[in-house]
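Notes to accompany the following structure.
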Amino acid sequence: MRNSVSRVSLFRMALLAGGALAAAGTAQAQDAAAEAQVAAEEGAPSDAIVVTGFRQSLQAAINVKKNAVGAVDAIVAEDIAKFPDQNLAESLQRIPGISITRDAGEGRSITVRGLSSQFTRVRVNGLETVATSTDGASANRDRAFDFNVFASELFSSIVVHKTAEASLDEGSLGAVVDLNTGNPLAGKAGFTAVASVVGTYNDLSDYVGPRLAGLVSWRNDAGTFGASISAAYQKTRVLELGNNTVRWSQARFDSVDGTNCFTTPNSGGTYRASAACDKAALAFHPRIPRYGEVKHDRERLGITGSVQFAPTDMTKFSIDGLFSRFNADREEQWGEVLLRSNERSINVVNPVYDANNTMVSATLNDAWVRTEHYLRKSTTEFYQVGGSWDQDVSDTLRFTLMGGFSKSNADIPVETTIVFDDRDAQGYSFDYTDMKHPKLTFGTSVTDPANFQLAEIRDRPSNTENRFKTVQFRTEWDVAEGFTIKAGAMWRRFNFDVQSFTRDTAVCGNGGLDRVLGTITCSASSAFGPTAIYGIPVTAQLAQLFNLGNAGQPSGNTNSWLVPNLETTTALTKLYDRALALDAGNNRGVRETTKGGYIQFDGKGELLGLRYALNAGMRYVKTEQSSYGLVGAVQATVERAYDDFLPSANLAVYPTEDLIIRGAIAEVITRPTLGSLTPGGSADGFNFRVTSGNPFLEPFRATNYDLSVEWYFAPQALISVAGFIKDVASFTQSAAITEATFAQTGLPVSVLNPSSPAALNPALLTQPIWTLTTTVNGTGAKLKGVEIAAQIPFKIFTEGFLGNFGIIANATFIDSDADYTVQGPATAPGGALVNIVRSAALANVSKQAYNGTFYYDDGTFSARVMGTYRGGYHEGASGTGNILEGYGSMFNLDASVRFKLTDWVELSVEGNNLLDTYRYRYTDIDANRNYENNHFGRNILVGARFKY
């Protein structure tokens, strides 16, 4: 009996802290966690059974959810720091309805209730911001928030608002995510210090790196002044091993099984139709079949600081700062055949086709063999400084004034690719009978330098910068018991700027002296065969041998080849001394100024004996937008403005003390993607496509409906079911004009990449093979889903050993449908792609997602096993005639074991991605053609945590 009373006593103390959180509206969840911890350590009776550690943090998170009026989920305190999470995205994936996108095996962005990171707003200490990293296959140049910039140890709580309120920042169709750092006044009096030292081992890269974190906090006895500082540092090396096709495409070949497809071999002439040639031309073949390695070297440093001063019970001042630096070097080494745009010279032997019109295997002669060595060095620096003044004017009137500035600068000073070519190789074969693990075999030696020429050099430095300035004024007036009026105003300015340059060039153009050394006489582009000169002769000093590790390749695959030595080839070509040229499509920017206000009415009481709590209000926002981009050689700026009135309402009713029924309805918006808003555009001379922006895009507008039932049947326990509908009025989509010439675009030839086929062969500019695309507001779509969650400690059923176990589990099921206008396959050999309308699920929506944790915690020893499953999903339009592309389903398994030696020392062993799961990406949602299939290795973390 004593045990149950003690647990209930602590439970009520935590509820009081959670109640303070709910009363503060947008206050932070660490208050609940810290105050509950203080109550546990200082206020509990001497004979009480105190719940601390992981189970206490679960209770604090439940308090946040239970005391909110709208739909809220939270992770607090040790719940973040003690899971095997490499960053915040991986912490967030445990929340119902949230899935993550991984990069280099590490969480990067989140999807909430089926809507991608583009539709989620993120606030750090109450201020909206964007963190942009440059790692991954491409840099993030949009509104999405890259969570891999931050270590999870820097934050004491994460709160996810799934329903809108008038007092909550607009801009989200999916969720508003609050990331909160230290709150020293909510901690215990005196000096507190926490430190952790961890070694991280990746079994694929065979690398051990440090992961260090520390927190120092102090609060005076009177509770009027507090300060804290925390820091986290991590260094890792991860290998990404696997294969890639860079999509599949249709094209006419030189010959098929000895049947000549053109009147002259290798180049020129006219096409001669035949059954063999037509079948090969209409089938899809891999554009760049290849195996390779991507090495990710990452270094992450984060520092947070907070100072709080409360001279009276009615006044509190806070200043918070956050700095993060994320260095990421990405090195790639590939061995491939460049079918893309070179099919005209290739002879196909023994092609095999499947039922999806895919050429799954063949032998190629006169193939364009290429090896690449790529290096990108990048640094993302993020900092934010914010302050707030909380003032109780009287017992019934209070206000908060807050403001701040944040900046995220993602810089790429080096993005270099050096290419070796052998353009008439014989006997190359590919076999994609097993789509995930193809067999790729080179018939010509790819370890002999004499077979290669240094054909192309590239360098593409760039910079992406996001800046936020925010000022908010919020007031609350308790008009009567159970009735509060909230009103406020805000001003926010967001600046997004991209600068990008190139030093790209093909060594040879169409005859004449080469473009790099000026000492080699190049062959004409039409020349073919072993005597053709298209680059610098490769010597042993310019090359290095690459050996492929365990990439899932079958036996018989070619696993060794020469790649360029970056140091010697860049020195020979003086690459970094070459003049920079503007990359026209990636010199652009957007400035958005949003201003407005809100009024919200909060009430609670009883009606016909039924307790309730509600809020309802209206938010008004005016968006002033100015976007610029290069149109030809001229910078164009377009300005516009639009208004939105956004009503919302949330209702919670309490049939019993432990049962809550919630409902919500709201009008919401998400502003258009940044890449689509800027005038001007880019020209792709490899795929003969010109893409332009549309500064007059309307925002995504939707009506959200939510209904949930939550049963808090015991301390630390919860079972909930939530249903949601998102009725989106309009999604953006691509509109295309096909069979155009380059001259019809009005763009100068200088915007083309100088190494692209279109730049090297002027005849391609006059052919009607170009596609002109832009982004327009399309039709709407509806998304419906259900979340089911359970948090069950076994202690409610039994005591002793078995009572220390528990389960946390959730599942999300989503149904959605949208129409996509995409470019489908050509229907005639060499013909244009055909526009079609295809119905499918919304982009980035997985129909099912599951998350489960099985844990044991007795206060001294704890262990957890976590499994996460995300169903397959598409990302939207593909290219080269494929219908949509995306990722297959994925399951990840993590585990953690901790042992408390003393009250101040704890040892830990953790494992991340224990099954070494492969990430499979497909091209064409129907044919499921391989785009890439890679794995990243297991991460093992061994360390110790110290607390004073």
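Note that these values count all heavy atoms, side chains included, but never hydrogens, waters or copies made by symmetry. In what follows, residues are counted from 1 in the order of the sequence shown.
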Q | Salt-bridge present (Arg467, Glu465; N to O < 4.0 Å) | A | yes
Q. Would you call Glu381-Lys407 a salt bridge at under 4.0 Å N-O?
A. no
Q.
Test of understanding: with side-chain contact (heavy atoms from CB on, under 4.5 Å), list the residues that count as partners of Arg938, not counting sequence neighbours.
A. Asp203, Asp916
Q) Under a 4.0 Å N-O cut-off, is there an ion pair linking Glu240 with Lys295? A) no
Q.
Measuring only between side-chain heavy atoms, which start at C-beta, is Tyr291 closer than 4.5 Å to Thr558?
A. no
Q: Could you tell me whether the side chain of His296 and the main chain of Arg237 form a donor-acceptor pair under 3.5 Å?
A: no
Q. Do the charged groups of Asp459 and Arg503 touch, with an N to O distance under 4.0 Å?
A. yes
**Q.** Sole candidate of Arg929, Arg247, His874 that passes side-chain hydrogen bond (donor to acceptor under 3.5 Å, both in side chains) when paired with Glu885
**A.** Arg247
Q | Worked check of side-chain hydrogen bond (donor to acceptor under 3.5 Å, both in side chains) between Asn565 and Glu567 | A | CA-CA 6 Å; Asn565 180 301; Glu567 183 178 356; 5.8 Å; no
**Q.** Glu415 and Arg330 ion-paired at < 4.0 Å
**A.** no
Q) In terms of side-chain geometry, is the basic nitrogen of Asp583 or Arg460 positioned less than 4.0 Å from the acidic oxygen of its partner? A) no
Q. Salt bridge check: are Arg898 and Glu910 linked by an N-O gap of less than 4.0 Å?
A. yes
Q: Indicate yes or no: does Arg298 engage Asp103 in a salt bridge with an N to O separation below 4.0 Å.
A: yes
(Q) Under 4.0 Å between a side-chain nitrogen and a carboxylate oxygen: does that hold for Glu331 and Arg376? (A) no
Q) Are Phe442 and Tyr428 close enough that their ring centers fall under 6.0 Å? A) yes
Q) For the rings on Phe468 and Phe494, is their centre-to-centre separation under 6.0 Å? A) yes
Q: Look only at the side chain of Trp248 and the backbone of Asn930, and say whether a donor-acceptor pair between them is shorter than 3.5 Å.
A: yes
Q: Verify, without hydrogens or angle tests, whether Gln384 (side chain) and Val124 (backbone) share a donor-acceptor contact under 3.5 angstrom.
A: yes
Q. Is the shortest heavy-atom distance from the side chain of Phe155 to the side chain of Leu322 under 4.5 Å?
A. yes
Q. Got a sec, which residues hit side-chain contact (heavy atoms from CB on, under 4.5 Å) with Asp577, two or more places apart in sequence or on another chain?
A. Lys574
